[in-house]
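Please read the structure below before turning to the comments.
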Amino acid sequence: MAGFGLGLLFVLIWASAFTAIKGLVPEWPPLWALAIRFCLVALLLGGVLAWRGLRWPGRRDGARLGAMGLFGSAGYLAGAWLSALTLPSGLIALLSSTAPLFVALGEVIFLGRRVPAMAWAGLALGWLGVAVLGIGRGAAGFELHGVLLALGGALSQAAGILIFAPARGRVDAWTANAVQAAVAALALTLLASLVETRLPGAPSPVALFSLAYGVVVVGIGGYALYFTMLKRLPPATAAALQLLAPPVAALLGWALLGEVLGWADVAGGLVTLSGLALLFRARAG
C-alpha cells in the first residue's frame, strides 16, 4: 500500500510538471529554461549529498548514471519542452508516456527478451494510437513537428532507462538524482548555447513560480520518487502507474490553462493508453 501511494504521488507530480512548463516557456527559451532548472537542482542536491555524506557511485555505475542524465533527462525533457511551444500539456504528457513502448522494443532488440503475443498486441495498439494522433496533428498543420519532438524525447528517455537499469538496485535515490541532474545541466547548457540565441530575461511572478516548482517539487521531489520507484517497485507496476500521468496532465491543463484537446488527440490517446495497459498486463503476467 505504501509503494502504491508513493507511485500515485509521483504521478501527480509528474503530470503537474507538464503544466508547469507552460508557465515558463512563453517567457524563456525552452532549452535555457531547462538548463537553468537543472543547474539549480544540481546545486541543491550537491548540498544534500555533502550534508548526508552519501558515497559516490563506482565508475561503472557512475557511467550509467551519466547516460541517464544525458538521455533519460536532458534528451527526454529537451524534446518535451521544445514541443511545449506548439502542443498542449496533456498531449505532451501522452507522447512522453510512450517511452515504455521504446523500452519494450529495446529489451527485445538489445537484450534478446521474448515478448508474449499480448505484449506485441499492446505495442501495435500503442503505435496505432500514436499514428492516429500524428495524422490528426499533421492535418492541423504546423504542429506535427511538436509531436516528433516529444516522441524523440520519449525515445531518449527509454535509452537512458535501458542503460541505467543494471545499476538501479545499487545506487540510492539522492545520489542518482544528483549525478543525473549535474550531467543534464551540463548537456543542456551546451545545447542551449549552440541552438538558442535569445537569453532568458527577468521572469514574471508566474514564470518564477513555475521555475521554483520545477526545481523543488519536480526536480528534487519528483525525481527522488522516480528513482525510488525504479528501485523498490516491480518494473511493470511502476510503469503502469505512469499511465495515469497523461489524463491527469490533460485535466490540469484544462483547469489551469484552458487547454482543449482535439478529437484526434483524444482518440489517439485512448488507443495508445489501451495498448500500454495491455503491454504492462502481459509483462506482469
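Just the heavy atoms: all of them, side chains too, but no hydrogens, waters or symmetry mates, feed the values below.
- For Tyr223 and Trp14, the gap between ring centers is short of 6.0 Å.
- The hydrophobic cluster containing Leu186 does not contain Phe164, counting ILVMFWY residues as joined when their side-chain heavy atoms lie under 4.5 angstrom apart, directly or transitively.
- Between Leu273 and Leu94, the closest side-chain pair of non-hydrogen atoms falls below 4.5 Å.
- Trp32 and Val218 end up in different hydrophobic clusters when Ile, Leu, Val, Met, Phe, Trp and Tyr side chains are linked at under 4.5 Å.
- The closest side-chain heavy-atom distance from Glu196 to Pro30 is below 4.5 Å.
- Pairing each heavy atom of Lys22 with each of Ala84, the nearest pair is NZ-O, 2.7 Å.
- If you take CG on Leu34 and CH2 on Trp28, they are separated by 11.5 Å, rounding to the nearest 0.5 Å.
- Linking Ile, Leu, Val, Met, Phe, Trp and Tyr whenever their side-chain heavy atoms come within less than 4.5 Å puts Leu44 and Val217 in one cluster.
- For residues 180-194, the side-chain hydrogen bond (donor to acceptor under 3.5 Å, both in side chains) pairs, not counting sequence neighbours, are Ser73-Gln180, Asn177-Gln180.
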**CA sep, side-chain torsions, deciding dist, call: Trp254, Thr19, side chain to side chain contact (heavy atoms under 4.5 Å, CB included)** = CA-CA 10 Å; Trp254 168 78; Thr19 307; over 6 Å; no
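- Ser156 places a side-chain N or O within donor-acceptor distance of the main-chain N or O of Phe71, the cut-off being under 3.5 Å.
- Separation of atoms OG1 (Thr175) and CG (Leu65) is listed at 8.5 Å; rounding is to 0.5 Å.
- Here the CG atom belonging to Leu82 is positioned 10.5 Å from the CG atom belonging to Leu77, to the nearest 0.5 angstrom.
- Cluster membership for Leu270 and Leu95, using ILVMFWY side-chain heavy atoms within less than 4.5 angstrom, is shared.
- In plain terms, the two heavy atoms of Gly253 and Ser89 that are nearest each other are CA-OG, 3.7 Å.
- In this structure, the separation between CG on Leu257 and CG on Leu252 is 8.5 Å, given to the nearest 0.5 Å.
- Linking Ile, Leu, Val, Met, Phe, Trp and Tyr residues whenever their side-chain heavy atoms come within less than 4.5 Å places Val216 and Leu40 in a single cluster.
- The CG atom of Leu211 lies 11.0 Å from the CD atom of Glu27; values are rounded to the nearest 0.5 Å.
- Atom CD of residue Gln157 and atom OG of residue Ser96 lie 7.5 Å apart, to the nearest 0.5 angstrom.
- Taking both residues in full, the closest heavy atoms of Gly146 and Ser83 are given as O-CB, 3.2 Å, listed atom of the first, atom of the second, then distance.
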**Prompt:** Leu87 and Leu149: side chain to side chain contact (heavy atoms under 4.5 Å, CB included), yes or no, with the steps?
**Reply:** CA-CA 10 Å; Leu87 300 181; Leu149 282 169; over 6 Å; no
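- Of the possible polar contacts, none joining the Arg37 side chain to the Val215 backbone as a donor-acceptor pair under 3.5 Å is found.
- Contact detail for Ala158 and Ala99: the closest heavy-atom pair is CB-O, 3.6 Å.
- Nearest heavy atoms, Ala67 versus Ile163: CB-CG2, 3.6 Å.
- Across Asp61 and Ala167, no two heavy atoms sit closer than the pair OD1-CB, 3.3 Å.
- Counting only residues at least two apart or in different chains, ring pair (Phe, Tyr, Trp, His ring centres under 6.0 Å) contacts with residues 76-102 comprise Phe102-Trp127.
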